[in-house]
Amino acid sequence: MTVSTFRPADVVDPDLHASGEVHRLWRWMRRHAPVHWHAPGDLPGFWSLTRYEDIRRVYQDPALFSSARGVLLRPTRLGEDPGSGLTMALTDPPRHRALRGQVADRFSERCARSLADEMRAEIRSVVTRAVASGTCDVVHDIGARLSSHNIGRLLGVPPQDRERLLTWTTEAFASGRPLTSHLALMRYFIDLMYARMEEPAQDVMGMLVHNEVDGELLTETEILLGCENLVGAAENAGLSMAAGILALAAHPEQWRRLVRERDDGLLRTATEEVLRWTSSATHSMRTAVRDTVVGGRRIAAGDRVVLWIPSANRDESVFPEPDRFDLGRTPNRHLALGTGEHVCIGSTMARHQMRMLLETLTESVAAVEPAGEAEPLRSIAVNGPAHAPVRLVPR
Ligand code: HEM
């Protein structure tokens with residue numbers, strides 16, 4: 001694409017996202033059309049926001065920008081998201097806060113620390129297997145496996161069933177259809193839900209079933225949509241880990257630095273930089289509740305607003321040399337995990353997991369080498385590789 005062919009309408013072209021060229025379009029939009037009206041077509045009309053400060057402002061104002069009418073773009077023919085107004089991600093305060101409070105304990109720093117040994121052991125075993133196999137697919141064999149096992153552990157899926165969960169979620173994400181249409185997966189959650197009704201446990205399913213929200217128990221539909229919300233959101237973690245390994249393969253000097261200087265400080269900044277660089281969640285959506293103005297443009301009540309997260313994370317007014325992958329970057333106030341009321345509830349867990357993965361790689365791997373062409377996802381909701389053969393050379 002040359003400069004003269006930049007068309008903001010292409011911002012929803014999945015091929016442009018797959019090619020990575022969308023970053024050039026976003027850079028152009030940040031400069032020339034930071035709040036741009038995207039006319040309706042297959043998708044409803046919406047405002048595209050590409051600048052960091054505008055995006056942050058929308059995230060931080062849930063009273064003005066509602067999540068209850070959907071947080072992801074959906075073709076108009078599909079109608080509203082079935083979770084609208086029901087799940088944590090798709091409600092506004094005060095209901096949102098109550099739903100989040102129902103399960104918040106399992107996502108706390110304390111809980112992440114209590115799971116740290118188990119998570120580290122799992123990461124070591126997954127990396128050891130990937131190293132031993134010569135060439136692995138970092139998407140399936142590392143990213144998806146770790147994130148699926150982790151969400152399984154949180155929900156209360158017993159260890160022996162977590163590989164099945166991985167198979168089902170892999171099929172579901174590859175199909176592009178909603179998780180609720182995957183019968184084996186939903187049947188499994190229905191069985192787990194009834195098991196928890198009979199025998200309570202301190203896991204997320206147990207909390208969804210037994211903890212009251214505003215003085216009432218959730219309905220079965222709400223519980224299952226809550227599981228779907230969590231499992232769907234956790235896909236981001238797998239993609240970030242896989243894309244992070246690819247970024248290390250593409251930047252050998254950064255990999256060498258990580259191995260050489262591996263200390264708490266660098267592991268912390270490296271975790272944040274991988275999250276910023278990979279920005280695996282591509283957008284969030286909100287609906288304006290009242291007329292307002294953003295970036296000098298009038299937004300009417302009822303208008304949708306789409307926040308392009310990877311664009312915020314490459315905004316040159318916030319990040320010096322935004323297109324440089326720099327594991328020591330600081331400060332790094334990226335928005336990869338959102339911000340404000342709906343900031344990612346899995347963020348503590350995702351950070352711990354990413355950091356432990358980086359640490360484990362530096363302990364057991366001498367070099368990270370691409371072993372073939374990575375195939376990118378064709379999606380405007382999440383981004384990263386669909387498949388990526390990599391050789392992890394043993395230390
Ligand atoms: C690198 C990994 C991850 C990324 C990049 C990511 C990204 C995000 C973003 C951008 C949001 C804000 C959405 C919005 O405001 O509309 C969010 C919310 C959320 N994330 Fe994550 N996420 C990650 C990992 C996880 C994990 C591991 C889980 C579950 C264990 C999870 C569960 C959720 C949930 C349930 C929400 C909705 C929270 C709410 O509405 O209050 N995420 N995530």
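Along the sequence shown, the residues carry numbers beginning at 1.
- Of all heavy-atom pairs spanning Met241 and Gly143, the tightest one is CE-O, 3.9 Å.
- Residue pairs satisfying the ring-ring contact (aromatic ring centres under 6.0 Å, His included) criterion with at least one member in residues 329-357, sequence neighbours excluded, are listed as follows: His96-His342.
- One hydrophobic cluster holds both Ile142 and Met119 under the rule that ILVMFWY side chains link at heavy-atom gaps under 4.5 Å.
- Using a 4.5 Å heavy-atom threshold, the side chains of Pro34 and Met29 count as separate.
- Between Asp105 and Cys111, the closest heavy-atom pair is O-CB, 3.5 Å.
- The main-chain N or O of Leu335 is never found under 3.5 Å from a side-chain atom of Thr339 such that the two would form a donor-acceptor pair.
- At least one donor-acceptor pair closer than 3.5 Å links the side chain of Asp137 to the backbone N or O of Ala388.
- Taking both residues in full, the closest heavy atoms of Tyr188 and Pro158 are given as OH-CD, 3.4 Å, listed atom of the first, atom of the second, then distance.
- The closest donor-acceptor contact from the side chain of Gln353 to the backbone of Leu146 lies under 3.5 Å.
- A distance-only check finds no donor-acceptor pair linking the side chain of Glu118 to the backbone of Leu115 [under 3.5 Å].
- There is no side-chain donor-acceptor pair under 3.5 Å between Ser147 and Glu235.
- Counting only heavy atoms from C-beta outward, the side chains of Thr282 and Trp308 approach each other to under 4.5 Å.
- Connection of Leu185 to Ile190 is established within a shared hydrophobic cluster, with ILVMFWY side chains joined at heavy-atom distances below 4.5 Å, either directly or through further cluster members.
- Side-chain N or O atoms of Asp141 include none that pairs as donor or acceptor with a backbone N or O of Cys136 at under 3.5 Å.
- Side-chain contact between Leu179 and Phe189 is absent, with no heavy atoms from C-beta onward closer than 4.5 Å.
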### Task
Please lay out, stage by stage, how Ile223 and Met205 fare under the test side chain to side chain contact (heavy atoms under 4.5 Å, CB included).
CA-CA 8 Å; Ile223 294 169; Met205 184 62 97; 3.9 Å; yes
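- Note on Val368: it clusters hydrophobically with Val274, by side-chain heavy-atom contacts below 4.5 Å among ILVMFWY residues.
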Distance-only donor-acceptor hits, side chain of residues 74-83, under 3.5 Å, sequence neighbours excluded:
unit_1, atom_1, unit_2, atom_2, d
Arg74, NE, Gly79, O, 3.0
Arg74, NH2, Leu78, O, 3.3
Thr76, OG1, Asp42, O, 3.2
Glu80, OE2, Arg69, NE, 3.3
Asp81, OD1, Gly83, N, 2.9

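- Heavy-atom neighbours of Glu373 CD from other residues, nucleotides or ligands within 6.0 Å: at or below the threshold of 12.
- Qualifying side-chain contact (heavy atoms from CB on, under 4.5 Å) partners for Thr128, counting only residues two or more places apart in sequence or in other chains: none.
- The heavy-atom pair separating Pro394 from Val131 by the smallest distance is CB-CG1, 3.6 Å.
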### Task
Apply side chain to side chain contact (heavy atoms under 4.5 Å, CB included) to Arg153 and Glu122, showing your working.
CA-CA 11 Å; Arg153 175 172 30 246; Glu122 183 170 76; 3.0 Å; yes
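- Salt bridge present: Glu272 and Arg351 bring a charged side-chain N and a carboxylate O closer than 4.0 Å.
- Contact record, Ile151 with Ala234: CB-CB, 4.0 Å, taken as the closest heavy-atom pair.
- Annotation: Glu109, atom CD; neighbour count of heavy atoms from other residues, nucleotides and ligands within 6.0 Å is above 12.
- A search for ring-ring contact (aromatic ring centres under 6.0 Å, His included) contacts involving His38 returns Phe46, not counting sequence neighbours.
- Contact annotation: the side chain of Thr269 never approaches that of Arg329 to less than 4.5 Å [non-hydrogen atoms, C-beta and beyond].
- The backbone N or O of Asn211 lies less than 3.5 Å from a partner atom in the side chain of Gln102, making a donor-acceptor pair.
- Cluster membership for Met285 and Val294, using ILVMFWY side-chain heavy atoms within less than 4.5 angstrom, is not shared.
- Geometrically, Arg276 engages Phe319 in a cation-pi contact, judged by NZ or CZ lying under 6.0 Å from the ring centre and within 45° of the ring axis.
- The closest donor-acceptor contact from the side chain of Glu273 to the backbone of Asp326 lies under 3.5 Å.
- Side-chain contact check for Val231 versus Thr169: some heavy-atom pair is nearer than 4.5 Å.
- For the side-chain contact (heavy atoms from CB on, under 4.5 Å) test, residues two or more places apart in sequence or in another chain that qualify with Val22 are Leu16, His17, Trp26.
- Between Arg57 and Glu53, none of the side-chain N atoms (NZ, or NE/NH1/NH2) sits under 4.0 Å from a carboxylate O, so this pair counts as no salt bridge.
- At a threshold of 4.0 Å, the pair Arg95-Asp214 counts as salt-bridged, since one of the basic side-chain nitrogens sits closer than that to a carboxylate oxygen.
- By the neighbour-count criterion of 12 heavy atoms within 6.0 Å, atom CZ of Arg355 is densely surrounded, having more than that number from other residues, nucleotides or ligands.
- Dense packing is recorded around CZ of Arg395, with more than 12 heavy atoms of other residues, nucleotides or ligands lying under 6.0 Å away.
- Looking only at distances, no side-chain donor or acceptor of His36 sits under 3.5 Å from a matching main-chain atom of Pro8.
- Following chains of ILVMFWY side-chain contacts shorter than 4.5 Å, one cannot reach Val139 starting from Trp168, and the two form parts of different hydrophobic clusters.
- Annotation: the span from Thr292 atom OG1 to Leu64 atom CG amounts to 4.5 Å, rounded to 0.5 Å.
- For the pair Ala281 and Pro310, the tightest heavy-atom approach, listed with the atom from each and the gap, is O-CD, 3.9 Å.
- For Glu216, the CD atom sits in a loose shell: 12 or fewer heavy atoms of surrounding residues, nucleotides or ligands are nearer than 6.0 Å.
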### Task
Apply side chain to side chain donor-acceptor pair (under 3.5 Å) to the pair Ser311 and Thr50, showing each step before the final yes or no.
CA-CA 5 Å; Ser311 174; Thr50 41; 4.6 Å; no
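- Separation of atoms CD1 (Ile380) and CG (Leu73) is listed at 5.0 Å; rounding is to 0.5 Å.
- The pair Arg30-Glu316 meets the salt-bridge criterion, since a charged nitrogen lies less than 4.0 angstrom from a carboxylate oxygen.
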### Task
For Leu239 and Asn383, run side chain to side chain contact (heavy atoms under 4.5 Å, CB included): C-alpha distance rounded to whole Å, both residues' side-chain angles, the deciding distance at 0.1 Å, then the answer.
CA-CA 7 Å; Leu239 290 174; Asn383 72 87; over 6 Å; no
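- The closest side-chain heavy-atom distance from Ile309 to Ser284 is below 4.5 Å.
- No donor-acceptor pair closer than 3.5 Å links the side chain of Ser125 to the backbone N or O of Ala121.
- Here Asp203 pairs with Arg196 in a salt bridge; the nearest charged N to carboxylate O distance falls below 4.0 Å.
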### Task
Please report the C-alpha distance between Arg314 and Asp323 in whole Å, then the side-chain angles of each, then the deciding distance to 0.1 Å, and finally whether the salt bridge (Lys or Arg N to Asp or Glu O under 4.0 Å) criterion is met.
CA-CA 7 Å; Arg314 301 279 183 110; Asp323 296 324; 2.9 Å; yes
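- Side-chain atoms of Arg262 never come within 3.5 Å of backbone atoms of Glu359 as a donor-acceptor pair (strictly under, hydrogens ignored).
- Among residue pairs with one or both ends in residues 243-280, those qualifying as ring-ring contact (aromatic ring centres under 6.0 Å, His included) are His251-Trp277, His251-Phe325, Trp277-Phe325; sequence neighbours excluded.
- Around NE2 of His23, the count of heavy atoms belonging to other residues, nucleotides or ligands within 6.0 Å exceeds 12.
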### Task
In sequence, state the C-alpha distance, the side-chain angles, and the governing distance for Leu248 and Leu327, and then conclude on side chain to side chain contact (heavy atoms under 4.5 Å, CB included).
CA-CA 10 Å; Leu248 291 169; Leu327 295 183; 4.0 Å; yes
